[in-house]
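Below is one structure, written out as structure tokens; the observations come after it.
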Amino acid sequence: MNIRIRQGAVALAVLATLAAVAGCAGTGAATVTSADYDKDAAAVMAASFREQGIVKTDRLTQDEVMVACSKFGHSLDDDLRERFQAAALAEVKWPSDGKYIGDWKEGEKIAQSGRGLTWTDKADAANGGNCYNCHRITKKEISYGTIGPSLYQYGKVHGNTETTQKYVWAKIWNPNAYSACTNMPRFGTHGILDEKQIRHIVALLLDPKSPVNAE
Amino acid sequence: MKNSTYAACVAASALMFATPALADATADGIAKYREALAEGNPAELWEMRGEELWKEARGPKKATLEKCDLGQGPGVVKGAFVTLPRHFADTNRVQDLESRLLTCMETLQGIPADEVAKTPFGKGEQKNIEALVAWISAESRGMKFNLPMAHPEEKRMYEIGKRAFNYRGGTHDFGCVTCHGEDGKRIRLQDLPNLTKGPDAARGFGSWPAYRVSSGELWSMQRRLNDCFRQQRFPYPVYGSDVTIALSSYLGVTANGTGESIAPAIKR
């Protein structure tokens with residue numbers, strides 16, 4: 001692994017030298033590297049936005065996960081992937097009363113709602129989960145997105161066991177726990193949904209009486 | 001009326017992904033939607049007004065925009081839209097259609113660019129911009145995207161745009177790439193173009209400006225990007241800021257040669 005990296009670095013250095021020489025032979029203009037564009041992009045991001053309503057410019061601040069996911073997309077190297085997933089699982093806050101299952105009817109409302117945290121939303125408005133934007137969930141709701149997998153019959157397929165409940169809880173709290181750089185938001189970590197709301201969504205997916213499993 | 005048209009639009013979007021079970025349920029809506037489309041794209045009204053505005057003496061200098069250079073020489077409108085954003089020597093900036101119009105309005109007509117940039121969408125001079133972009137884009141309808149990349153600043157803005165497209169942040173970890181990085185996806189019933197490659201990039205980028213049935217408004221590309229950032233839970237992109245121009249450079253160059261502009265299109 002280390003040797004491969006070193007060989008790569010040597011190859012890059014040779015390329016850079018060749019490019020520099022080519023630059024000298026040509027117009028004399030300095031060669032612009034990818035790192036230069038990275039710097040330019042950071043400056044442009046910092047200069048192009050202003051605050052509006054409840055949204056401040058600190059929304060642009062990236063943590064290590066965001067930086068890596070922006071750069072590598074879904075194709076992280078294995079070391080980073082394992083580190084991010086372990087860290088995400090370690091920071092999941094489990095339900096304070098040990099109960100994972102809430103009211104699936106409330107869960108359905110949260111899954112339907114796309115409200116919250118935009119500059120046109122109020123600070124005290126309850127955030128939705130945006131779930132239907134990306135997932136098929138119940139049979140009845142035909143207006144669903146396909147960015148995420150279908151969750152229809154999720155509980156029927158996976159069973160309403162404590163293992164499944166824990167998995168679903170963690171997946172909603174911080175989905176990087178199982179899939180680093182997923183498209184799914186970190187609902188618990190970023191405080192988009194609270195413990196009570198997450199409990200309701202777990203019920204929507206796993207409660208045998210929920211239309212996800214009963215219909 | 002507006003609501004029923006909207007419902008029909010949503011139903012029509014469903015057709016593209018319909019399972020056999022859904023097809024029956026949406027058939028009526030689709031028929032209604034086709035009917036609505038047959039009546040014509042209301043963007044034509046903005047196009048007519050835009051052409052008038054181009055030739056109308058306005059602003060403190062009481063001048064028309066007929067000497068405005070959109071990259072094809074002063075006054076040349078045909079074909080300009082499919083080559084923007086591009087580098088302009090007089091401003092030494094890469095500009096999209098809207099930031100270029102601000103330059104022309106300021107230099108030729110004496111209308112202060114920063115005041116227009118601060119005006120909310122759909123109000124005052126921004127209404128005039130909507131009409132102008134509708135007409136100017138319509139003058140390139142059916143042409144393939146052909147953005148120049150020879151100038152180092154054009155290459156630089158493309159590279160910045162690519163990075164901005166992939167920039168994930170905010171409360172939801174969203175970036176443009178979250179919704180527009182894969183083939184054949186949709187959000188609710190709305191199909192999402194994969195803007196990282198042609199011809200999807202040409203289909204997506206080449207639809208704006210567009211008439212939006214749901215709001216009865218003509219949305220420019222700046223307004224489209226603004227609302228994308230709102231839904232990403234990002235802060236407010238300044239009108240004509242470099243991030244908006246860089247994104248258009250990335251999308252336009254990605255669309256190059258792969259498809260034709262249909263702007264101003266009609267959208268749900």
Side-chain angles (χ1 to χ4, degrees), chain A residues 29 32 34 36-38 40-45 47-53 55-63 65-74 114 116-121 127 130 132-134 142-148 175-176 181-187 189-192, chain B residues 10-11 13-14 17-19 21-22 25-26 152 155-175 177-182 184-192 196 226-227 229-247:
Chain A
V32 187
S34 182
D36 293 331
Y37 291 131
D38 287 347
D40 290 349
V44 163
M45 289 302 291
S48 294
F49 294 87
R50 64 167 171 81
E51 65 173 61
Q52 171 85 1
V55 182
K56 312 297 176 206
T57 52
D58 63 3
R59 292 272 179 98
L60 295 171
T61 308
Q62 293 177 308
D63 65 11
V65 175
M66 289 163 172
V67 171
C69 298
S70 300
K71 192 164 183 184
F72 303 115
H74 302 298
L117 299 167
T118 74
W119 69 63
T120 49
D121 287 305
N127 298 330
N130 275 298
Y132 278 105
N133 279 354
C134 299
I142 60 160
S143 175
Y144 60 85
T146 58
I147 295 170
N176 287 310
C181 295
T182 167
N183 287 325
M184 186 167 155
R186 293 175 262 177
F187 289 100
T189 305
H190 286 171
I192 302 166
Chain B
V10 170
S13 310
F17 306 94
T19 61
L22 298 183
T26 53
K155 162 83 171 153
R156 195 175 79 90
M157 286 300 259
Y158 164 83
E159 291 288 342
I160 292 171
K162 191 181 187 178
R163 285 158 178 78
F165 185 89
N166 289 291
Y167 192 99
R168 297 184 57 179
T171 51
H172 288 57
D173 295 278
F174 288 159
V177 67
T178 311
C179 288
H180 295 291
E182 284 175 82
K185 299 291 182 184
R186 57 177 224 240
I187 193 160
R188 288 280 184 163
L189 288 178
Q190 184 64 40
D191 57 315
L192 300 161
T196 65
N226 179 282
D227 201 56
F229 279 124
R230 185 185 67 82
Q231 293 181 75
Q232 266 173 243
R233 275 77 180 171
F234 270 40
Y236 195 99
V238 173
Y239 186 84
S241 58
D242 276 347
V243 76
T244 60
I245 296 167
L247 278 170

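Chain A is the first sequence line, chain B the second, and so forth, proteins listed ahead of strands; every chain is numbered from 1.
- Between A/Pro185 and B/Asp173, the shortest heavy-atom contact is CA-OD2, 4.3 Å.
- Among all heavy-atom pairs drawn from A/Asn130 and B/His172, the shortest one is ND2-NE2, 4.1 Å.
- Contact record, B/Thr171 with A/Ile192: O-CD1, 3.3 Å, taken as the closest heavy-atom pair.
- Of the atoms belonging to A/Lys71, not a single heavy atom falls under 4.5 Å from chain B.
- For the set A/Gly145, A/Ala41, A/Ser48, the count of heavy-atom pairs under 4.5 angstrom toward chain B peaks at A/Ser48.
- Summarising the geometry of B/Val238 relative to A/Arg50, their closest heavy-atom pair is CG2-CG, 4.2 Å, with the distance given to 0.1 Å.
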In sequence, state the C-alpha distance, the side-chain angles, and the governing distance for A/Val32 and B/Glu159, and then conclude on side-chain contact (heavy atoms from CB on, under 4.5 Å).
CA-CA 11 Å; A/Val32 187; B/Glu159 291 288 342; over 6 Å; no
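- Between B/Tyr167 and A/Met66 the shortest side-chain heavy-atom distance does not fall below 4.5 Å.
- Interface remark: of the candidates A/Met184, A/Lys56, A/Met45, A/His74, A/Met45 forms the most heavy-atom pairs closer than 4.5 Å to chain B.
- In terms of heavy-atom pairs under 4.5 Å with chain A, the best-connected choice from B/Arg168, B/Arg188, B/Glu182 is B/Arg188.
- To the nearest 0.5 Å, atom OG1 of residue A/Thr146 and atom CG of residue B/Asp191 are 9.5 Å apart.
- Smallest separation of non-hydrogen atoms from A/Ile142 and B/Leu189: O-CD2, 3.5 Å.
- B/Asn166 contributes atom CG, which lies 12.0 Å from atom CZ of A/Phe72 (distance to the nearest 0.5 angstrom).
- When heavy atoms are compared at a cutoff of 4.5 Å, A/Asp36 does not approach chain B at all.
- No other option in A/Gln62, A/Glu51, A/His190, A/Gln52 has as many heavy-atom pairs under 4.5 Å with chain B as A/Gln62.
- Both the backbone and the side chain of B/Asn226 come within less than 4.5 Å of a heavy atom of chain A.
- Between chain B and the residues A/Gly116, A/Gly191, A/Ala42, the largest count of heavy-atom pairs under 4.5 Å involves A/Gly116.
- Side-chain contact between B/Arg156 and A/Asp40 is present, with at least one heavy-atom pair separated by less than 4.5 Å.
- For chain B, the option among A/Thr57, A/Asp38, A/Asn133 with the highest count of heavy-atom pairs below 4.5 Å is A/Asn133.
- Contact record, A/Leu60 with B/Phe234: CD2-CD2, 3.7 Å, taken as the closest heavy-atom pair.
- Proximity to chain A is absent for every atom of B/Phe165, based on heavy atoms less than 4.5 angstrom apart.
- With chain B as partner, the option from A/Val65, A/Val55, A/Thr118 having the largest number of non-hydrogen pairs under 4.5 angstrom is A/Thr118.
- Your options are B/Pro237, B/Gly169, B/Ala246, B/Gly240, and the one with the most heavy-atom pairs under 4.5 Å with chain A is B/Pro237.
- Shown here are the disulfide bond (SG atoms under 2.5 Å apart) partners of A/Cys69, two or more places apart in sequence or in another chain: A/Cys181.
- Using a 30° and 60° split on the angle between ring planes, B/Tyr236 and A/Trp119 fall in the tilted class, from 30° to 60°.
- Scanning for ring-ring contact (aromatic ring centres under 6.0 Å, His included) contacts around A/Tyr132 gives an empty result, with sequence neighbours left out.
- Checked by atom type, the side-chain pair A/Ser34/B/Arg163 shows a donor-acceptor distance below 3.5 Å.
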